[in-house]
Q: 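Here it is: the structure, laid out below.
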Amino acid sequence: NRIYSDATTLKEFKEKALEYFANNYENYDIVMTRSMPEECHEIGLAIKQIKPDVKWIASFGDPISQNPFTLKSLNFSNPYSLKSRYDRPFSFKEIFSLKRILKSFIYNRRNKSIKKQYLLKNDDLQKQIINLCDYVIYNSDYQQDYMLKNYKNNVSLKEKSLILPHSYDEKLYPKVKKNVKNEKIVFSYVGHLDDIRTPRLIFESIKELKEDFEDLPQKVEFDFYGNLSDNDKLYLLNNDLLDVVHIKKNVTYLESLKVMQESDWLIHVDANLADIIPENIFFAAKIADYLGTGNKIFALTMLEGISAEILRKNNALVVTYSKENVKNYLYLILYKNYNFSMSKDARQEYNAKNVAQKFDEFIEKITVE
């Protein structure tokens, strides 16, 4: 039963949702909110005040507090910091420029208090949500452990937790002829990329392979659907790689499933957060969609974490953040017929039927509690 809102801002959406619940609260025994955005959980906090006995499930896509990606992006936000200018070598003059150092210092001083307030606000919000909700859904053990690491009562908090992974729905994939071979080997990426979650190492590897092998444009194409950072687009242009790497327009979700099915390889890219956390806690939803196709996956991710664990279990190719490592595997695939099959059985854990059954059993259990 879908109730639509004509809200145009998150604030307005929150207000209309609470207005609707206030007028219909007697119809609901269980409420589930989902982030991101965190405003959805703010609705849950308010609903608990309207109807304290309602059972509230807070489902998290990503952490709100101390989000590693956010922490990494804060390091990139200073336009005078060398960390923000990683796409070219630094000159001696630039590194020791007093003018740049002074501007960077002033920028950091002005923004330090703003960043602190932002982080404290998110810390407090997540703490309220986890303490006041009745149940919490995480998408992996890694995410749960990270979000609860600073809670003294994390044992009791785990008792009201449910690990519910992202899933794929077999019925949504279009029927395509699997026996039709592409003229070239097709690698596809579908999703959002930016200056932190970047495929730059893949692009650098392609550049060197193209210099070594003149026939590369005839053998392979790399298709990127979705957002790509301006820095990476400029890199492709400056290095004459657009005959091998194709920047595609955004596609709908159903169109993306067709793209995935028709590709030979699917590229997954995680942000390198090794300077923030020792293991990757982000389970990207597209991994489940990729698994649903049964096609081979080429994953650039941290060697430890949820992505690597899932992908290894499904026999995907997991590559670390090393240009030589990436280049060597691409060479083997393109010129030495490196091949393997994905696991058919392991991916069933992420089949929507199985995930939905686990969720249904959870709802039945808490209904009678």
Side-chain angles (χ1 to χ4, degrees), residues 140 142 165-166 168 173 178 181-182 184-193 197-210 212-213 216 219-226 228 232 241 244-246 256-257 259-274 279-350:
S140 74
Y142 289 90
H166 296 305
Y168 63 88
Y173 292 89
K178 286 286 186 181
K181 289 190 175 181
N182 295 311
K184 304 178 184 179
I185 297 175
V186 176
F187 286 76
S188 294
Y189 176 89
V190 181
H192 180 88
L193 294 167
R197 190 178 185 181
T198 171
R200 179 62 64 87
L201 287 176
I202 296 175
F203 294 165
E204 291 175 354
S205 301
I206 294 170
K207 174 180 178 292
E208 293 189 6
L209 284 172
K210 187 179 177 183
D212 295 339
F213 301 96
L216 188 73
K219 290 188 72 69
V220 65
E221 67 178 69
F222 294 82
D223 298 333
F224 284 78
Y225 295 82
L228 194 64
D232 283 332
L241 296 179
V244 181
V245 181
H246 303 155
S256 77
L257 296 180
V259 166
M260 294 175 195
Q261 281 199 303
E262 294 176 340
S263 302
D264 299 299
W265 287 80
L266 299 170
I267 299 172
H268 174 68
V269 178
D270 280 325
N272 184 0
L273 302 171
E279 55 191 18
N280 173 45
I281 66 166
F282 294 104
F283 178 4
K286 79 164 59 58
I287 289 179
D289 291 328
Y290 280 3
L291 292 175
T293 69
N295 286 344
K296 296 183 289 291
I297 299 174
F298 184 105
L300 181 62
T301 186
M302 297 172 70
L303 288 183
E304 300 297 330
I306 184 60
S307 293
E309 181 178 301
I310 292 172
L311 292 166
R312 287 195 189 105
K313 186 166 58 177
N314 282 272
N315 201 36
L317 176 57
V318 177
V319 183
T320 186
Y321 298 100
S322 159
K323 183 175 65 176
E324 290 305 314
N325 202 5
V326 173
K327 179 184 175 183
N328 287 341
Y329 273 111
L330 289 178
Y331 166 76
L332 291 173
I333 293 167
L334 299 176
Y335 290 97
K336 296 297 180 180
N337 296 317
Y338 178 79
N339 204 355
F340 59 85
S341 297
M342 298 288 290
S343 170
K344 292 182 179 179
D345 297 328
R347 71 185 184 196
Q348 292 305 316
E349 180 180 350
Y350 309 98

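The figures that follow rest on heavy atoms only: side chains count, while hydrogens, waters and symmetry mates do not. Given the structure is predicted, the values throughout are model-derived calculations rather than measurements. Throughout, numbering of the chain's residues begins at 1 and tracks the sequence.
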Q: What are the two closest non-hydrogen atoms of Y290 and I267, and how far apart are they?
A: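 That closest heavy-atom pairing would be OH-O, 2.7 Å.
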Q: Working to the nearest 0.5 Å, report the span between CZ of R197 and CG of N272.
A: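 Taking CZ in R197 and CG in N272, the distance rounds to 13.0 Å.
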Q: For the CD1 atom of I202 and the CG atom of D232, what is their distance to the nearest 0.5 Å?
A: 10.0 Å
Q: Taking all heavy atoms of I297 and all of M342, pick out the closest pair and write down the distance.
A: CD1-CE, 3.7 Å
Q: Nearest 0.5 Å, what's the CG-NZ distance between L216 and K207?
A: 13.0 Å
Q: With A288, which residues qualify under side chain to side chain contact (heavy atoms under 4.5 Å, CB included), at least two apart?
A: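 Checked A288 against side chain to side chain contact (heavy atoms under 4.5 Å, CB included); matches are H166.
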Q: Tell me the salt bridge (Lys or Arg N to Asp or Glu O under 4.0 Å) pairs involving residues 282-301, sequence neighbours left out?
A: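 Salt bridge (Lys or Arg N to Asp or Glu O under 4.0 Å) check on residues 282-301 returns no pairs.
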Q: Which atoms form the tightest heavy-atom contact between R347 and L291, and what is the distance?
A: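 Scanning both residues, the minimum pair turns out to be CD-O, 3.2 Å.
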Q: Would you call the rings of F213 and Y335 parallel, tilted or perpendicular, taking 30° and 60° as the class edges?
A: parallel
Q: Pick out which of I310, I281, I306 makes a side-chain contact (heavy atoms from CB on, under 4.5 Å) with S140.
A: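 Running side-chain contact (heavy atoms from CB on, under 4.5 Å) over I310, I281, I306 with S140 returns exactly one hit, I306.
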Q: Please find the pair of heavy atoms, one from T301 and one from S307, that lie closest to each other, and give the distance.
A: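 Heavy atoms of T301 and S307 come nearest at OG1-CB, 3.7 Å.
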Q: As an exercise, state the distance from CG of L266 to CG of D223, rounded to the nearest 0.5 Å.
A: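 L266 atom CG to D223 atom CG measures 11.0 Å (nearest 0.5 Å).
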Q: So how far is it from I333 CD1 to N339 CG, rounded to the nearest 0.5 Å?
A: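 The distance works out to 9.0 Å.
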Q: Identify the heavy atoms of P199 and L228 that sit nearest to each other, and give their distance.
A: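 Scanning both residues completely, I find the closest heavy atoms to be CG-CD1, 3.9 Å.
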Q: For residues 312-339, which residue pairs qualify under salt bridge (Lys or Arg N to Asp or Glu O under 4.0 Å), counting only residues two or more places apart or in two chains?
A: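 Qualifying pairs: E208-K323, E208-K327, D212-K327, K313-E349.
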Q: Mind checking the CZ-NE2 spacing from F222 to H246? Nearest 0.5 Å is all I need.
A: 10.5 Å
Q: When you measure from the side chain of N295 to the backbone of D264, do you find a donor-acceptor pair of N or O atoms at a distance under 3.5 Å?
A: no
Q: Just jot down the side chain to side chain donor-acceptor pair (under 3.5 Å) partners of Y142, sequence neighbours excluded, or say none.
A: E309
Q: Does N315 reach the main-chain N or O of S341 with its side chain, forming a donor-acceptor pair under 3.5 Å?
A: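 Such a contact is found between N315 side chain and S341 backbone.
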Q: When you compare the side chain of M302 with that of D270, does any pair of heavy atoms fall below 4.5 Å?
A: no
Q: Applying side chain to side chain donor-acceptor pair (under 3.5 Å), name anything that partners Q348, two or more places apart in sequence or on another chain.
A: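 Testing Q348 for side chain to side chain donor-acceptor pair (under 3.5 Å), a comparison that skips the adjacent residues, returns N351.
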Q: What are the two closest non-hydrogen atoms of F283 and P165, and how far apart are they?
A: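 Residues F283 and P165, closest heavy atoms: CE2-CB, 3.6 Å.
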Q: Tell me every residue that passes side chain to side chain donor-acceptor pair (under 3.5 Å) with S188, counting only those two or more places apart in sequence or in another chain.
A: S263
Q: Would you please classify the geometry between the F298 ring and the F187 ring as parallel, tilted or perpendicular, with 30° and 60° separating the classes?
A: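 F187 vs F298 ring planes: perpendicular.
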Q: Report the C-alpha distance between V244 and E221 in whole Å, list the side-chain angles of each, state the deciding distance to 0.1 Å, and finish with yes or no for side chain to side chain contact (heavy atoms under 4.5 Å, CB included).
A: CA-CA 5 Å; V244 181; E221 67 178 69; 5.9 Å; no
Q: State, with a plain yes or no, whether a side-chain heavy atom of Y338 is found less than 4.5 Å away from one of L317.
A: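 In short, these two side chains touch, coming nearer than 4.5 Å.
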